[in-house]
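Each remark here refers to the structure printed beneath this line.
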Amino acid sequence: MEKAVRFDGDLNQVEVKYQLEVENVNGIQLQTVLEAMDVVGILEYGLAKVADLMIKYVIIPFVNHGRPLSFLEELHQESAVLKIVASPDIKFEFLDGEFLYSGILLFIKFIYRSVCLQKSSWMRCFGRLTWPRISELIISSFLSKVVPTDASKLPDFQKIIIRTSEFEAALKELMYISSSDDNDNRLSNFAENVEVHFAFKKKTEILAKARNLLLECDFSIPQEYTRDGSIWKNDETSVQSSSHVVNLLFLSERCLVSKAAKQLMGLIHQTLQDVCLSSTRVALEFYQTARDAILLYEVVVPVKLERQLSGINQVAVLLHNDCLYISQEILGFAFEYRTDFPSSIKEHAVFVDLAPRFQLLAEEILQRQVQLVIYNLKEAIDGADGFQNTHQMKQFESAKFSIDQVVFILEKVHIIWEPLLLPSTYRKSMCSVLESVFSRIARDILLLDDIAAEETLQLQRLVHLMLENLSSLFESLAPGEQTLQEFPAQSPEDLIPSLRKIWKLSELLDMPLKSITASWENKELLSCGFTINECFFNQNVEC
């Protein structure tokens, strides 16, 4: 067989010789060799290498070549030649598959006439050796690439289905594939299941696009949004025109999110609209795709931004908003799309189970930020060494530096948080931080023993300095007009119990014991959060 079928790489041709010379014996017919192999049951073995070389040197170059190729067949009395030549059609494209299928059919006919000598059983043997690989090559190089990317183009694919069916019918006439075995209808089965392939291809594209959105986004916000929140909070067109402003469906508020989050939800909304317009099989695939795309945020973003989440910054707050926004959108899916889903999908489509995951993630990110701020403030306060001996210049300067650090950290957090967080979330988080700071400072001062008169004045000065420098922060905690309509106005002291306590503590620092006792007896100190042990902390103060 190696002498009968020769491949010439230089000439790009296959030559089949009908008259062979083997071990100095001339005139051996190719047909005799084939009949002998068939009789002893090794025909498949004998044709295997020929089949491998045909695929390697003929089929693969024809299907995958960078420029169009065609076949030219030459028949002689003692041989047949199949030449692989450049196609004269320089505008060649596979399009509906006609050129591809006609070229491969010409090759199969050459095998039928010149190698298998028109004998059906030999042809079926050659088909079993080559068809699985040839059909897979056609699917991967042609059919899978012309699967429509839009549901509206599915009807155009019908032309390819027809061409494919005609191609396989011609192969059956040549006995190359079985007429009775449906497994041989590999191309038709693929083409007729185009809905499934379309959905799979679309799913791959959607998830790839979603992943790229998340990976390429830098999770930053333009300064104009953070400098003046009224620009986007009061502008009705900002939701449509901005890539960062969104409405929260169930909170009747707007917030800033990353460009990736808004684009991701736009992609998911488009996918769910396709669910409403698709057949059951495609709709089910799109529904799963929408769920997978949502979960990509949870998988990709926290890992990508792990370093930023470990610090106090705008990115972490933006991620909190993203998760809040995504959870709100998820809760709205059922109301927005469920009624238009195909009936079989309505029974299985569920999104509400995803919402708590993002609500929890949003809360975890926010609480992590709050705890980071509290930890940094604690370290700053630790530098004051318990506010001891502040009547000494060195100790006073150290305590004042700690207070300045506290104010700096709080102002930094104020600048980062207020423009991005929802007003109610901002007040709750900032009040939690301030409560921690003031209660810690008050506790440290209350633990001091034998405070001298000069020392009390310096402590009082430090407390007043801190509270004065935080005046703008206190103003930011006042509710806006909309919130004021829903909830009664509350003073900073109402929101931060220890603020009232530290204000009163600054007064107590230079009050005589008698006055302190009177304040306790009339329950004024109790209303400020003092305990009986704390009220007499400065009983040894010289008055």
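For the residue pair Ile268 and Ala293, the shortest heavy atom distance occurs at CG1-CB, 4.0 Å. Minimum interatomic distance between Cys323 and Ala362 (heavy atoms only, all atoms of both residues): CB-CB, 3.6 Å. The two residues Lys172 and Ile177 come nearest to each other via the heavy atoms CG-CG1, 3.5 Å. The two residues Asn64 and Ser141 make their nearest non-hydrogen contact at OD1-OG, 2.9 Å. Closest approach of Ser135 to Leu187, counting heavy atoms only: O-CD2, 3.5 Å. Here the closest heavy-atom approach between residue Gln77 and residue Tyr18 is recorded as O-CD1, 3.7 Å.
With sequence neighbours excluded, the residues satisfying ring-ring contact (aromatic ring centres under 6.0 Å, His included) with Tyr337 are His269. With sequence neighbours left out, Phe341 forms a ring-ring contact (aromatic ring centres under 6.0 Å, His included) with no residue at all.
The shortest side-chain heavy-atom distance between Ile162 and Glu166 falls under the 4.5 Å cut-off.
Atom NZ of Lys159 sits about 13.5 Å away from atom OG1 of Thr164, to the nearest 0.5 Å. We find the OG-CG distance between Ser114 and Leu82 to be 8.5 Å, quoted to the nearest 0.5 Å. Rounding to the nearest 0.5 Å gives a distance of 9.0 Å between CG of Leu105 and CD of Glu173. Between Tyr325 atom OH and Leu256 atom CG the span is 12.5 Å, to the nearest 0.5 Å. Note that CD1 of Ile134 and CE of Met54 are 10.0 Å apart. Values are rounded to the nearest 0.5 Å. Atom-to-atom distance recorded for Ile104:CD1 and Phe99:CZ is 10.5 Å, nearest 0.5 angstrom.
Side-chain atoms of Arg368 and Ser310 include a donor-acceptor pair closer than 3.5 Å. For the 3.5 Å distance criterion, the side chains of Glu35 and Gln31 qualify, holding a donor opposite an acceptor. In summary, the side chains of Tyr375 and Gln371 do not present any donor paired with an acceptor at a separation below 3.5 Å, with no hydrogens or angles considered. Between the side chains of Asp184 and Trp131, no donor-acceptor pair of N or O atoms lies under 3.5 Å.
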| task | Check step by step if salt bridge (charged side-chain N to carboxylate O under 4.0 Å, His left out) holds for Glu78 and Lys17. | result | CA-CA 6 Å; Glu78 295 186 353; Lys17 293 183 178 181; over 6 Å; no
| request: Go through the steps for Val25 and Leu20 under the test side chain to side chain contact (heavy atoms under 4.5 Å, CB included), then give the verdict. | output: CA-CA 8 Å; Val25 179; Leu20 309 175; over 6 Å; no
| task | For Leu372 and Gln369, run side chain to side chain contact (heavy atoms under 4.5 Å, CB included): C-alpha distance rounded to whole Å, both residues' side-chain angles, the deciding distance at 0.1 Å, then the answer. | result | CA-CA 5 Å; Leu372 282 170; Gln369 284 289 291; 3.8 Å; yes
| Glu73/Arg113 under salt bridge (charged side-chain N to carboxylate O under 4.0 Å, His left out): CA gap, chis, key distance, verdict | CA-CA 11 Å; Glu73 187 177 9; Arg113 287 192 296 265; 2.6 Å; yes
| Going through the distances and angles, do Tyr297 and Leu214 end up as a side chain to side chain contact (heavy atoms under 4.5 Å, CB included)? | CA-CA 7 Å; Tyr297 188 99; Leu214 298 173; 3.6 Å; yes
| task | Any chance you could lay out the salt bridge (charged side-chain N to carboxylate O under 4.0 Å, His left out) test for Asp52 and Arg133, step after step, and finish with the verdict? | result | CA-CA 10 Å; Asp52 291 341; Arg133 286 177 285 175; 2.8 Å; yes
| field | Stepwise ring pair (Phe, Tyr, Trp, His ring centres under 6.0 Å) test for Phe107 and Tyr112 | value | CA-CA 9 Å; Phe107 162 75; Tyr112 178 69; over 10 Å; no
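Salt-bridge formation is not detected for the pair Asp274/Lys202: no Lys NZ or Arg NE/NH1/NH2 atom is positioned less than 4.0 Å from an Asp or Glu carboxylate oxygen. Between Asp353 and Arg291 there is a salt bridge, with a side-chain nitrogen of the basic residue lying less than 4.0 Å from a carboxylate oxygen of the acidic one. In this structure, Asp218 does not pair ionically with Lys259, as no charged nitrogen and carboxylate oxygen lie closer than 4.0 Å.
Under the 30°/60° scheme for interplanar angles, the aromatic rings of Phe126 and Tyr176 are found to be tilted.
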Per-pair distances, 0.1 Å, donor-acceptor, side chain in residues 2-16, under 3.5 Å, sequence neighbours excluded:
unit_1 : atom_1 : unit_2 : atom_2 : d
Glu2   : OE2    : Lys49  : NZ     : 3.2
Asp8   : OD1    : Asp10  : N      : 3.0
Asp8   : OD1    : Leu11  : N      : 3.1

